[in-house]
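To keep things clear, I will list the structure first and then write my remarks on it.
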Amino acid sequence: MVSEGKRVAVLVSGGGTNLQAILDAQGSVIRSARIALVVSNNPGAYALKRAEAAGVPARTLSKKELGSQAAFEKALDACLAEYRIDFIVLAGFMTILSPDFTRQWDHRILNIHPSLIPAFCGKGYYGLRVHEAALARGVKLTGATVHFVNEIPDGGEILLQKAVEVLPGDTPELLQRRVMEQAEWKLLPQAIELLASSEL
Ligand code: GRF
């Protein structure tokens, strides 16, 4: 019997290159799960177009329009229930989830962060800022981390990490791109398969 596997929701806010990596890995690296839903908190996110092109249902939930964090999470809960979601993946999702929400989904939410946690992580470390900080500190190795999400920003249990070299002449943009290509886009599909195929 062919099982369709665990049902994954990917939460996005922007370009969605990590979402694309996950979509492209379905059927190869990802065998025990399928992307059943994409949710964006930003109606203009290019990630929504990627979902549409892949034929995956997509919803936009704007915290601004819904009026509060609680209303946003209530609407999100309803979507997740409607699509019978087993796991959530945060792929460039720029909204912090409340402790109530993360407790309810304990060890069922993954996030990807573009550094080797515990370096350059936590409040204020997002997007290019992470790579700016790594270059300013002069580290020779950086990378990406997939971790479970709890109430501490970037503080949950680490599932996978991959190191990436910092090269002479790097700018934050060059380093960001190398970390994505060499680490993030590989690590996230692997982490999803690991979680979906495990007995956790
Ligand atoms: C990635 O660097 C990811 O690590 C971080 O946000 C960025 C999202 O990029 N959390 P994209 O939207 O997947 O292209």
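Counting starts at 1 for both ligands and their atoms, following the listed order. Keep in mind the model is a prediction, meaning the values are calculated, not measured.
- In terms of modelled atom types and a separation under 3.5 Å, the side chain of Asp106 and the main chain of Arg103 share no donor-acceptor contact.
- Checked against side chain to side chain contact (heavy atoms under 4.5 Å, CB included), Glu132 has the following partners two or more places apart in sequence or in another chain: Leu128, Arg129, Pro172.
- Taking Ala71 as the reference, Leu66, Ser68 meet the side chain to side chain contact (heavy atoms under 4.5 Å, CB included) condition, with sequence neighbours excluded.
- Every side chain to side chain contact (heavy atoms under 4.5 Å, CB included) that Glu193 has, sequence neighbours left out, goes to Ile30, Arg31, Ser32, Ser197.
- A salt bridge between Asp77 and Lys74 is absent, with no side-chain N of the basic residue lying under 4.0 Å from a carboxylate O of the acidic one.
- In this structure, Leu159 is not a member of the same hydrophobic cluster as Leu11, with clusters built from ILVMFWY side-chain heavy atoms closer than 4.5 Å.
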Filter the ligand 1-protein atom pairs down to N or O on both sides and distance under 3.5 Å, then list them.
from     : atom 1 : to     : atom 2 : distance (Å)
ligand 1 : 2 (O)  : Glu184 : OE1    : 3.2
ligand 1 : 2 (O)  : Glu184 : OE2    : 3.2
ligand 1 : 4 (O)  : Glu184 : OE1    : 2.6
ligand 1 : 10 (N) : Ile112 : O      : 3.1
ligand 1 : 12 (O) : Gly16  : N      : 2.8
ligand 1 : 13 (O) : Thr17  : N      : 3.3
ligand 1 : 13 (O) : Asn18  : N      : 2.9
ligand 1 : 13 (O) : Asn18  : ND2    : 3.0
ligand 1 : 14 (O) : Gly16  : N      : 3.4
ligand 1 : 14 (O) : Thr17  : N      : 2.8
ligand 1 : 14 (O) : Thr17  : OG1    : 2.6

